[in-house]
Visitor: 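Quick one: the structure is below, and I'll ask about it shortly.
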Amino acid sequence: MSRLRIFADDAPDTPQFVSSDGEDIARELKKIGVTFERWQASQPIEPGATPEQVMAAYRADIDRLIADNGFKTVDVVSIAPDNPNRAEMRKKFLDEHFHKEDEVRFFVAGAGLFTLHVDGKVYEIECVKNDLIAVPDGTTHWFDMGPEPSFVAIRFFTEPDGWVGHFTGTDIAQKFPRYEKGQAD
Ligand SMILES: CSCCC(=O)/C(O)=C/O
Ligand SMILES: [Fe+2]
Ligand code: NI
């Protein structure tokens, strides 16, 4: 089940808000310009499936999102717990950064932890299969797939270069909870 926790950015031990209700999560995130929707990831995909398999299975959803939003690039992050590069892949997103475009991700299997840092608050979102999240450009955040990652996410980019992260150099991400779970579905 997806879950949102909201903290003050100087109080990582004390969440001010906790909910796994989809409408609660969408309402709270809308206040900071984030879209959160639960879709239907209808095609069975296993973490570790190839990008080609994922793209083929979700072609209709991908084409609709591209047509509606003008995305220029689509890719897939698909990782199973036994991936030999998992520690390196996890590290890539663990520190606070932002993007110069919206971050649009559709989880079609497994789970991961997005944490957003906005106006003195920290929004920790466990995203699971079926969740679509769109984070506005410039929002500082980090993402933890956990020590035994297990998820598949389709990523949509408006820039032709795909994923480009701008790191802020802060240590805030190290003060907030990491993702200790693997699979959530
Ligand atoms: C959930 S997809 C992998 C993480 C990612 O693309 C990103 O931008 C994290 O901040
Ligand atoms: Fe990101
Ligand atoms: Ni990022």
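Each ligand, and each atom within it, is numbered from 1 in the order the structure gives.
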Visitor: Would you indicate whether Asp171, at its atom CG, is surrounded by more than 12 heavy atoms from other residues, nucleotides or ligands within a distance under 6.0 Å?
Guide: yes

Visitor: Under 4.0 Å from a heavy atom of Trp163: which atoms of ligand 1 are those, numbered in the order shown and with their elements?
Guide: 5 (C), 6 (O), 7 (C), 8 (O)

Visitor: Taking the minimum heavy-atom distance to atom 10 (O) of ligand 1, which of His97, Arg105, Lys92, Arg155 ranks first?
Guide: His97

Visitor: Is it true that Glu126 and Arg5 make a salt bridge, defined as a side-chain N closer than 4.0 Å to a carboxylate O?
Guide: no

Visitor: Is it true that Tyr123 and Val18 fall in one hydrophobic cluster, defined by side-chain heavy atoms closer than 4.5 Å?
Guide: no

Visitor: Does Arg105 come within less than 4.0 Å of Glu103, counting only side-chain N to carboxylate O?
Guide: yes

Visitor: Would you please determine whether Met145 falls within less than 4.0 Å of ligand 1 on a heavy-atom basis?
Guide: no

Visitor: Say whether Trp142, considering both its backbone and side-chain N or O atoms, lies within less than 3.5 Å of an N or O atom on ligand 1.
Guide: no

Visitor: Output yes when Asp75 and Arg155 qualify as a salt bridge under the 4.0 Å nitrogen-oxygen rule, no when they do not.
Guide: yes

Visitor: To the nearest 10 degrees, how large is the angle at the Fe ion (ligand 2) between His99 NE2 and His141 NE2?
Guide: 90°

Visitor: Does at least one non-hydrogen atom of His99 fall below 4.0 angstrom from an atom of ligand 1?
Guide: yes

Visitor: In a check of ring pair (Phe, Tyr, Trp, His ring centres under 6.0 Å) between His97 and each of Trp163, Trp142, Phe143, which one passes?
Guide: Trp163

Visitor: Run the numbers for me: atoms of ligand 1, each under 4.0 Å from some heavy atom of Phe107, listed by number.
Guide: 1 (C)

Visitor: Are more than 12 heavy atoms, taken from residues, nucleotides or ligands other than Lys91, located less than 6.0 Å from that residue's NZ atom?
Guide: no

Visitor: For the Fe ion (ligand 2), find the closest N/O/S atom on Glu103 and give its atom name.
Guide: OE1

Visitor: Can you name the atoms of ligand 1, numbered from 1 with element, that are less than 4.0 Å from a heavy atom of His141?
Guide: 10 (O)

